[in-house]
There are 2 protein chains.
Amino acid sequence: MSHRDDASPIPRPGGRTARVRADVLAAVERELAASGYDNLTIEAVAASSGVHRTTIYRRWGSVAGLLVDLLASGADDDWRPADTGALEGDLIRLNREVRDALVQQPSLTGAVIAASFRTAEAAEALTSFWQDRYVRSEIVVRRAIDRGEIPSDTDAQRLLIACTAPVYHQLVLLRQPMTRAAADRAAKDAAAAARARVYRR
Amino acid sequence: MSHRDDASPIPRPGGRTARVRADVLAAVERELAASGYDNLTIEAVAASSGVHRTTIYRRWGSVAGLLVDLLASGADDDWRPADTGALEGDLIRLNREVRDALVQQPSLTGAVIAASFRTAEAAEALTSFWQDRYVRSEIVVRRAIDRGEIPSDTDAQRLLIACTAPVYHQLVLLRQPMTRAAADRAAKDAAAAARARVYRR
DNA sequence: CTGTTAATGCAATCGATGTTGCATTAAGAT
DNA sequence: ATCTTAATGCAACATCGATTGCATTAACAG
């Protein structure tokens, strides 16, 4: 036989498929910036990208699929929490990142959260993303323990959630504005509570 | 003139309109229980209530409108936080209520949260509902201050959000199971932090 | 009882979203 | 250059949610 005789898909890394994907994801970002998540429709992405509707439906299936792919394509695998040398500083940096991601216009995070209430696909992408972030953030607690700032039996998950949950709650659920100072406040509160031995197992 | 000559709407409290509303809202609850929010469609409500689609569209406009009305009709205007005689106990009761409302199947609260990401109407209904609940909950902090449990300059909002936010975060955003004990844990942490003078202004 | 009118029921229709069959294009193999 | 084939483009169609015009019903006034 002269052609490929295995059943695996043929990779064409620099080919049309890759260009189409890049064009479409770029269009998703553009449209999101221009008209927000509510107006992010397959039609609009097709028009803006120059790729036909049918292709987008076939490859991504839905708006949620587009967002998931965008999230995946932009996944920062090298992300690490900042190291300021003190627990409070580290937590403040963490909360600022969270706040900025949610306040930013347009907010990709906000869009994915909204999408996660519509399709299981987006919900899973989001939970695994957050899961990963919380695990990576544990190093902040580890360092604080090593420095002797907080008890060695501090529950990292509880502390981290106590720190960031108020930010998400305020911005996503209560939908009220939150200043950077208020986000800092939440981080300082969590650090103070941890020093006061609140989050021990 | 023999008929009413003012332009105000004619009230017919026991009439067809009131029956239709009751039938429709009952059907919404039934359908929500039977098939969950994702399958809560105007069609299904119409079929289950025996009221015509058109009527529902005209009076409620959307699924979100139905949920908002259901939320309003069931609004417990007499709600007060429990008084257990201690801050920690009060906060635990608060968190258990929040958790139970979210874990319950079907969860009306969960449905409204999902709806709030689709229409501004539902979002407003939800924020005003929560706003009201947080204001009413401040009495818990007030009593703790009066008992001398916590500093008199404790920031009630910050404390209350520190207490409940982890529950919402875990169940709504992270979508992970949360035991009653874990909800209690969050309440105890918040109480301990308050006693450690963390939430002072 | 009779008249008036808002609310409801009904059918037809619209519009946007999503799908399918088939022709065309272009990446990569030879 | 030529061939093969997956990916894409295209148009027609299906589907569902939502709206509109008009007939009918029933609550209330007299």
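Letters go in sequence order (proteins before strands), and every chain restarts at 1.
- Taking atom CZ on Arg59(A) and atom P on dG9(D), their separation rounds to 10 Å, with Å as the unit.
- One finds the CG atom of Leu173(B) at 9.5 Å from the NE2 atom of His169(A) (value rounded to the nearest 0.5 Å).
- The existence of a salt bridge linking Asp189(A) and Arg185(A) is confirmed by a sub-4.0 Å separation between a basic side-chain nitrogen and an acidic carboxylate oxygen.
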**OP:** Applying side chain to side chain donor-acceptor pair (under 3.5 Å), run through Thr164(B) and Tyr134(B) and close with a yes or a no.
**Re:** CA-CA 10 Å; Thr164(B) 58; Tyr134(B) 276 112; 2.7 Å; yes
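- Every pair passing ring-ring contact (aromatic ring centres under 6.0 Å, His included) that includes a residue from residues 75-125 of chain A is listed here, sequence neighbours excluded: Phe117(A)-Phe117(B).
- A salt bridge between Arg21(A) and Asp69(A) is present, with a side-chain N of the basic residue lying under 4.0 Å from a carboxylate O of the acidic one.
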**OP:** Assign a letter to each nucleotide of nucleotides 13-23 of chain C from its 5' end: B, base within under 4.0 Å of a protein heavy atom; S, sugar-phosphate only; -, no contact.
**Re:** ----SBBBB--
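- With salt bridges taken as basic N to acidic carboxylate O contacts below 4.0 Å, one links Arg180(B) and Asp100(B).
- Between the side chains of Ser49(B) and Asp23(B), no donor-acceptor pair is found at a separation under 3.5 Å.
- As rounded to whole Å, 15 Å separates atom C1' of dT19(D) from atom CD1 of Ile56(B).
- For Arg93(A), the CZ atom sits in a loose shell: 12 or fewer heavy atoms of surrounding residues, nucleotides or ligands are nearer than 6.0 Å.
- For His52(B) and dT24(D), the NE2 to C1' distance is 13 Å, given to the nearest whole Å.
- Rounding to whole angstrom units, CZ of residue Arg19(A) and P of dA6(D) are separated by 19 Å.
- What separates CG of Asp23(B) from P of dA7(C) is a distance of 17 Å, to the nearest Å.
- Residue Thr17(B) places no side-chain N or O under 4.0 Å from the OP1 or OP2 atom of dA7(C).
- If you check distances only, the side chain of Arg16(A) does reach the base of dA7(D) with a donor-acceptor pair under 3.5 Å.
- Summary of helix geometry: the two end axes of the helix from dC1(C)-dG30(D) to dT30(C)-dA1(D), each defined by five base pairs via their C1' atoms, are inclined to each other by 30° (rounded to 10°).
- Between the C1' atom of dA7(D) and the CH2 atom of Trp60(A) lies a distance of 11 Å, rounded to the nearest Å.
- Side-chain contact, Thr127(B) with Arg175(A): no donor N or O sits under 3.5 Å from an acceptor N or O.
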